[in-house]
Each structure stands twice: as C-alpha cells, then as structure tokens.
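Excluded from the calculations below are hydrogen atoms, water molecules and symmetry mates; all remaining heavy atoms, backbone and side chain alike, are included.
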Amino acid sequence: MVTDDPQFLYMILVLPALFGLTLVGEGLNKVLHHEMYGVLNLVFGLLFIGVVVFAFLFFSSYLNA
C-alpha cells in the first residue's frame, strides 16, 4: 500500500539508486584498468538505475492521483 507521503517513495528508492551508482562506478574503474568485465558492470548498473527511474515514475503517478 502506497501512502500519500512522497518521503516513503524517496526512502525506498534511495538505496537501490546508490547500488546502481556503485555498479556504474565499479564498471568505470574496471574499464579504465582494461579489465574485461567492466562493461558488464556498466550495463547492469545503468539497467538498475533505469529500473529505479521507472519505479519512481510508476509510483509517483499513484501519489498524484
């Protein structure tokens, strides 16, 4: 059940967004050090951030109603 308080939405999305940023940062570090799996971390990090953005847009539509 989603409440009318937007702080709940921000609270449940902050940690996943930080995890996605960590994946992107780790991927960039690996790419800069010419490691093979850095691109994979970048892709998964960007995909994870995309899911967080989609969830934010999806749940924010319920808060405006």
What pairs meet the salt bridge (charged side-chain N to carboxylate O under 4.0 Å, His left out) rule with one or both residues in [range], with sequence neighbours excluded?
| range | result |
| --- | --- |
| residues 7-21 | none |
| residues 20-31 | Glu26-Lys30 |
| residues 41-51 | none |
| residues 44-62 | none |

What are the two closest non-hydrogen atoms of Leu42 and Val24, and how far apart are they?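 Looking at all heavy atoms of both residues, the shortest contact is CD2-O, 3.6 Å.
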With sequence neighbours excluded, tell me which residues meet salt bridge (Lys or Arg N to Asp or Glu O under 4.0 Å) with Glu35. none
Please identify each residue that fulfils side-chain hydrogen bond (donor to acceptor under 3.5 Å, both in side chains) with His34, with sequence neighbours left out.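 Once residues adjacent in sequence are excluded, His34 has no partner under the side-chain hydrogen bond (donor to acceptor under 3.5 Å, both in side chains) criterion.
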Kindly write out the residues that satisfy ring pair (Phe, Tyr, Trp, His ring centres under 6.0 Å) with Phe58, not counting sequence neighbours, or none if the list is empty.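 Phe58: ring pair (Phe, Tyr, Trp, His ring centres under 6.0 Å) contacts with Tyr62.
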Do you reckon Phe44 sits in the same ILVMFWY cluster as Met36, going by side-chain contacts under 4.5 Å, direct or chained?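 They do share one cluster, since a chain of ILVMFWY contacts under 4.5 Å joins Phe44 to Met36.
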Using the test side-chain contact (heavy atoms from CB on, under 4.5 Å), find all partners of [X] that sit at least two apart in sequence or belong to another chain.
| X | result |
| --- | --- |
| Leu13 | Leu9, Val52, Ala55, Phe56 |
| Val53 | Ile49, Leu57 |
| Val51 | none |
| Phe19 | Leu23, Phe48 |

